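I have placed the structure first, in the form of structure tokens, so that the comments after it can refer back to it.
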Amino acid sequence: MNLESPLDQVLILRMVRPLHIEFAGSLYHLNSRGDRRKDNFPDDVDPEMFHKVLADVCARFRLACHAYCMMSNHYHLVIETRESTLSAGMRQLNGVFTQRSNYRHHRVGHVFQGLYKAILVQKESDLLELARYVVLKPVRAGMVCLARDWPMSSYRSTAGWSAVPDWLTVDWLLSAFGARCNGAMEGNRRSISEAKNAVSP
């Protein structure tokens, strides 16, 4: 059963072909799959480890993370660049996480499969839809019933149920729902709920 909305289908079509152009001030939908589709985040420690590496990468390479979701065998990021550092930042993210994951699990080899995919999108017209698409991935995959039940995404922070980490940029996204923080988070919750219901069977 196809549970994607028409707007989500547009985003999916944009994901068919990876983009290899990068420049400052651009917004990307990024994803990277686990090698041989294996589970990259088998317990609570691995997601936290990924968060720490992502925080370091965002600070070092001046990247703004607007949304993220870690699935069992891949991840999605919505990243805005302040400089032309996306490729270097992604190499650092996947490379350092691979090293730490392999060390922790006493293994060698690749954690992620090939190159990451980077899709260039328009911030003003696409950011809200893309952020919604990313945090609803576990719901549409049938892994949870509600987006708030999935701990490995940015949704709980933008909905007011968890603290916002320093490396997660939420101001632009929440500003679409109002000037006051609580009201904006409530608006975001309503938006996600409506989107989830729109694609429910």
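Just so it is clear, the model here is predicted, and its values are computed rather than measured. Along the sequence shown, residues carry numbers from 1.
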Please report, to 0.1 Å, the donor-acceptor pairs under 3.5 Å made by any side chain of residues 47-56, with sequence neighbours excluded.
unit_1: His51; atom_1: NE2; unit_2: Tyr68; atom_2: OH; d: 3.2

What distance do Arg132 atom CZ and Leu127 atom CG have between them, rounded to the nearest 0.5 Å? 12.0 Å
Are more than 12 heavy atoms from other residues, nucleotides or ligands located less than 6.0 Å from atom CG of Asp43? yes
Identify the heavy atoms of Gly34 and Gln113 that sit nearest to each other, and give their distance. O-CB, 3.7 Å
Shortest non-hydrogen contact between Tyr28 and Ala118, atoms and distance: CD2-CB, 4.3 Å
Contact check, side chains of Asp39 and Asp46, non-hydrogen atoms, under 4.5 Å: no
What's the shortest heavy-atom distance between Leu173 and Ala131, and which atoms? CD1-CB, 3.3 Å
Is there a side-chain contact between Leu27 and Gln122 (heavy atoms, below 4.5 Å)? no
Do Val134 and Ser153 have side chains that approach each other closer than 4.5 Å (heavy atoms only, starting at C-beta)? no
Shortest non-hydrogen contact from Cys65 to Leu168? O-CD1, 3.3 Å
Treating Ile, Leu, Val, Met, Phe, Trp and Tyr as nodes and any side-chain heavy-atom pair under 4.5 angstrom as an edge, say whether Leu146 and Val135 lie in one connected cluster. no
Taking the side chain as every heavy atom from C-beta outward, state whether Leu77 and Asn31 have any atom pair closer than 4.5 Å. no
Donor-acceptor contacts under 3.5 Å from residues 181-191 side chains, at least two apart:
unit_1: Asn188; atom_1: ND2; unit_2: Thr158; atom_2: O; d: 3.2
unit_1: Asn188; atom_1: ND2; unit_2: Thr158; atom_2: OG1; d: 2.9
unit_1: Arg189; atom_1: NH1; unit_2: Ala159; atom_2: O; d: 2.5

Min side-chain heavy-atom separation Tyr133-Arg140 under 4.5 Å: yes
Atom of Trp150, atom of Met71 and distance for their closest heavy-atom approach: CZ2-CA, 4.1 Å
Using 30° and 60° as the class limits, which term best fits the ring planes of Trp172 and His66: parallel, tilted or perpendicular? perpendicular
Given the rule that I, L, V, M, F, W and Y join up when any side-chain heavy atoms are under 4.5 Å apart, are Phe97 and Val45 in one cluster? no
No-hydrogen, no-angle side-chain donor-acceptor test under 3.5 Å, Asn94 and Tyr75: yes
Pick one: which of Leu63, Ile119, Ile79 meets side chain to side chain contact (heavy atoms under 4.5 Å, CB included) with Leu30? Ile79
Are side-chain heavy atoms of Glu80 and Thr169 found at a separation under 4.5 Å? no
List the atom of His74, the atom of Asn40, and the distance in Å for their closest heavy-atom pair. N-ND2, 4.3 Å
Do Phe177 and Trp161 share a hydrophobic cluster, counting only Ile, Leu, Val, Met, Phe, Trp and Tyr and linking them when any side-chain heavy atoms are less than 4.5 Å apart? yes
In this structure, CE of Met90 is separated from OG of Ser32 (nearest 0.5 Å) by 6.0 Å
With rounding to the nearest 0.5 Å, note down the distance linking CE in Met152 to OG in Ser72. 7.0 Å
Between Ile192 and Arg148, is any pair of side-chain heavy atoms under 4.5 Å apart? no
Check whether any side-chain heavy atom of Thr85 lies under 4.5 Å from a side-chain heavy atom of Arg60, and answer yes or no. no
